[in-house]
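Here the structure is a predicted model, which is why all the values come from computation and not from measurement. The chain is numbered in sequence order, starting from 1.
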Amino acid sequence: MSEAAVQSAVDPGIDQNRRTWIAITCGAGAIGGVAAAVPFVSTFEPSARARAAGAPVEVDISTLKPGEKITVAWRGKPVWIMRRTPEQVAELPKHDDELADPKSLRNPDEFTPAFARNDWRSLKPEILVLVGICTHLGCVPGDKFQPGAQPSLPADWPGGFLCPCHGSTFDLAGRVFKNKPAPDNLVVPPYHFPTATTLLIGEEKSA
């Protein structure tokens with residue numbers, strides 16, 4: 001019989017103690033592994049800043065005058081809010097034949113919510129709400145509200161937006177004109193009016 005076997009036979013508690021220490025060591029290692037995993041898993045959770053960036057944005061439009069536009073940030077994108085004049089609203093249906101998608105039927109779920117599939121592409125005729133990013137390559141179009149001939153615009157220009165990068169033009173409902181690089185109308189984000197003077201971007205009323 002070996003010396004180790006003899007010793008074990010004499011004092012069987014040695015093996016028991018050894019097994020106890022192995023169990024304790026393994027348990028501590030498992031606990032440490034779990035503790036190390038917790039902060040690792042937590043990195044997959046969105047930060048407070050990320051959650052805030054995706055949250056709806058409330059805008060007070062009580063001081064927005066006819067013909068004026070303001071820009072707010074929602075999900076890292078510029079969102080335009082414009083109060084169109086009655087004359088601007090009345091002009092919208094008059095140039096449908098010059099537009100690539102006058103009824104916003106192309107990719108409606110992506111670009112035009114059901115509530116905005118009308119001549120003015122908005123809940124209220126006078127209030128326009130658009131994501132101010134060209135659907136061509138993501139540039140930001142500029143304001144060209146004044147109708148009539150101007151540099152880079154036709155003589156019968158009705159007023160709208162001009163993308164300076166590649167010349168895409170959009171009317172005051174965000175609808176793209178024919179034969180332009182932009183393939184689609186400007187995006188209408190989800191929104192609703194909690195009050196007569198407050199706009200909530202990022203949620204439709206039914207949400």
Side-chain angles (χ1 to χ4, degrees), residues 59 61 63-75 77-193 196-197 199-202 204-205:
V59 186
I61 59 172
T63 60
L64 189 63
K65 298 177 181 177
E68 290 185 345
K69 187 196 83 174
I70 60 175
T71 302
V72 299
W74 172 68
R75 293 188 175 178
K77 301 174 183 178
V79 175
W80 299 337
I81 304 168
M82 179 181 181
R83 186 181 294 275
R84 293 174 289 205
T85 66
E87 293 77 18
Q88 289 170 332
V89 172
E91 286 294 320
L92 291 176
K94 297 181 181 180
H95 51 264
D96 279 8
D97 58 340
E98 302 174 45
L99 302 171
D101 184 20
K103 300 303 180 185
S104 300
L105 300 177
R106 189 185 300 170
N107 301 318
D109 293 335
E110 184 177 358
F111 295 94
T112 311
F115 68 77
R117 294 171 200 167
N118 47 46
D119 287 339
W120 48 86
R121 295 187 79 218
S122 58
L123 274 172
K124 295 182 178 182
E126 72 277 16
I127 303 295
L128 175 66
V129 184
L130 295 172
V131 175
I133 297 177
C134 181
T135 55
H136 179 216
L137 292 178
C139 302
V140 177
D143 301 344
K144 294 293 180 180
F145 299 157
Q146 182 63 39
Q150 307 167 52
S152 303
L153 294 170
D156 60 348
W157 176 244
F161 308 95
L162 168 66
C163 184
C165 300
H166 302 94
S168 294
T169 49
F170 305 86
D171 74 350
L172 286 174
R175 299 175 296 178
V176 66
F177 283 84
K178 291 179 179 178
N179 303 316
K180 299 297 180 180
D184 292 286
N185 297 336
L186 297 179
V187 174
V188 176
Y191 70 89
H192 71 278
F193 296 90
T197 59
L199 178 68
L200 190 68
I201 302 168
E204 293 186 32
K205 191 170 185 178

Sidechain-backbone polar pair: [X] side chain, [Y] backbone, donor-acceptor under 3.5 Å:
X: Asp143; Y: Phe145; result: no
X: Lys178; Y: Asp97; result: yes
X: Trp74; Y: Pro189; result: no
X: Arg175; Y: Asp96; result: no
X: Arg84; Y: Val89; result: no
X: Arg106; Y: Pro183; result: yes
X: Arg121; Y: Leu130; result: no
X: Asn185; Y: Asp101; result: yes
X: Arg117; Y: Ser104; result: no

Side-chain heavy atoms of [X] within contact of [Y], under 4.5 Å:
X: Leu199; Y: Val129; answer: yes
X: Leu172; Y: Met82; answer: yes
X: Pro158; Y: His95; answer: yes
X: Asp171; Y: Leu92; answer: yes
X: Asp119; Y: Lys103; answer: yes
X: Cys165; Y: His136; answer: no

Restricting to non-hydrogen atoms, name the atom on [X] and the atom on [Y] that form the minimum distance, rounded to 0.1 Å.
X: Pro141; Y: Cys139; result: CD-O, 3.4 Å
X: Ala182; Y: Cys134; result: CB-SG, 3.9 Å
X: His166; Y: Pro181; result: O-CG, 3.4 Å
X: Lys124; Y: Ser122; result: O-OG, 2.6 Å
X: Ile201; Y: Tyr191; result: CA-CB, 4.0 Å
X: Val72; Y: Val59; result: CG1-CG2, 4.0 Å

Worked verdict on His192 versus Glu204 for side chain to side chain contact (heavy atoms under 4.5 Å, CB included): CA-CA 5 Å; His192 71 278; Glu204 293 186 32; 5.6 Å; no
Does the side chain to side chain contact (heavy atoms under 4.5 Å, CB included) test come out yes or no for Leu153 and Thr169, once each step is laid out? CA-CA 8 Å; Leu153 294 170; Thr169 49; 3.8 Å; yes
Over 12 non-hydrogen atoms of neighbours within 6.0 angstrom of NZ in Lys69: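 It does: Lys69 NZ has more than 12 such atoms within range.
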Atom CG of residue position Asp156 - does it have more than 12 heavy atoms of other residues, nucleotides or ligands inside 6.0 Å? yes
[X] [atom1] to [Y] [atom2] distance, which is reported to the nearest 0.5 Å:
X: Ile61; Y: Glu68; atom1: CD1; atom2: CD; result: 12.0 Å
X: Thr135; Y: Lys180; atom1: OG1; atom2: NZ; result: 13.0 Å
X: Phe170; Y: Leu162; atom1: CZ; atom2: CG; result: 9.5 Å

Parallel, tilted or perpendicular: which describes the rings of Trp157 and Phe177, with under 30° parallel and over 60° perpendicular?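 Tilted, since the angle between the ring planes falls between 30° and 60°.
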